[in-house]
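Everything on this sheet refers to the single structure shown next.
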Amino acid sequence: MDDMRVIVSVFVLLAGQALAQDWQPLRGDTAIIDALADRTVEYDAHTFQRFGAAGDTQFVTERLSEGRWAVRGGQYCSVWPPSDIWACYDVQVSNDEVRFIGSDRSISQGQYRD
């Protein structure tokens with residue numbers, strides 16, 4: 001019986017490691033710009049965001065929203081008119097995925113489409 005517990009414990013540990021991803025925080029403005037400029041991130045089959053090199057961004061889901069993005073103090077920041085309030089996020093990457101972490105620790109995660 002003890003052998004069975006050890007085997008199950010090993011499988012659970014290995015499964016957890018297989019699911020874990022190696023997320024790397026992007027530090028510095030240049031790293032974030034390089035990760036986003038002229039790229040598209042797909043969040044699900046019907047939602048994606050384009051990041052233009054000139055600071056324009058389009059969020060496409062049921063409708064198109066157009067905004068601006070910039071990198072400030074090592075964070076991705078965006079504003080979506082008619083609001084003039086900029087929201088900023090930490091950025092992490094893992095292989096072909098990117099995630100944005102808000103100040104409330106909420107996470108938006110997507111996959112590079114291009």
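These numbers come from a predicted model, not from an experiment.
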Single-linkage hydrophobic cluster Phe59~Tyr112, side-chain heavy atoms < 4.5 angstrom: yes

Check for me, please, whether Phe48 and Phe100 land in the same ILVMFWY cluster - side-chain distances under 4.5 Å, paths through other members count. no

Tyr76/Phe51 aromatic ring centres below 6.0 Å: yes

Hydrophobic cluster membership, with links at side-chain heavy-atom distances under 4.5 Å among I/L/V/M/F/W/Y: are Val98 and Ile33 in one? yes

In residues 80-87, what donor-acceptor pairs under 3.5 Å come from side-chain atoms, sequence neighbours left out?
residue : atom : partner : partner atom : Å
Trp80   : NE1  : Ser78   : OG           : 3.2
Ser83   : OG   : Ile85   : N            : 3.1

Would you say CG of Asp34 has more than 12 non-hydrogen atoms from neighbouring residues, nucleotides or ligands within 6.0 angstrom? yes

Is any side-chain heavy atom of Val93 less than 4.5 Å from a side-chain heavy atom of Leu26? yes

Give, for atom OG of Ser106 and atom OH of Tyr89, the distance between the pair rounded to the nearest 0.5 Å. 6.5 Å

Between atom CD of Gln58 and atom CG of Leu64, what is the distance when rounded to the nearest 0.5 Å? 6.5 Å

Roughly how far, to the nearest 0.5 Å, is the OG1 atom of Thr61 from the CD atom of Gln49? 11.5 Å

Pairs in or reaching into residues 67-103: which pass disulfide bond (SG atoms under 2.5 Å apart), with residues at least two apart or in two chains? Cys77-Cys88

Should Ile101 and Val91 be regarded as members of a common hydrophobic cluster, given that ILVMFWY residues are connected when their side-chain heavy atoms come within less than 4.5 Å of each other, either directly or indirectly? no

Test applied, side chain to side chain donor-acceptor pair (under 3.5 Å); reference residue, Glu97; option that passes from Gln111, Gln109, Gln92: Gln109

Using the salt bridge (Lys or Arg N to Asp or Glu O under 4.0 Å) rule, collect all pairs that involve residues 41-66, keeping only residues at least two apart or in two chains. Glu42-Arg113

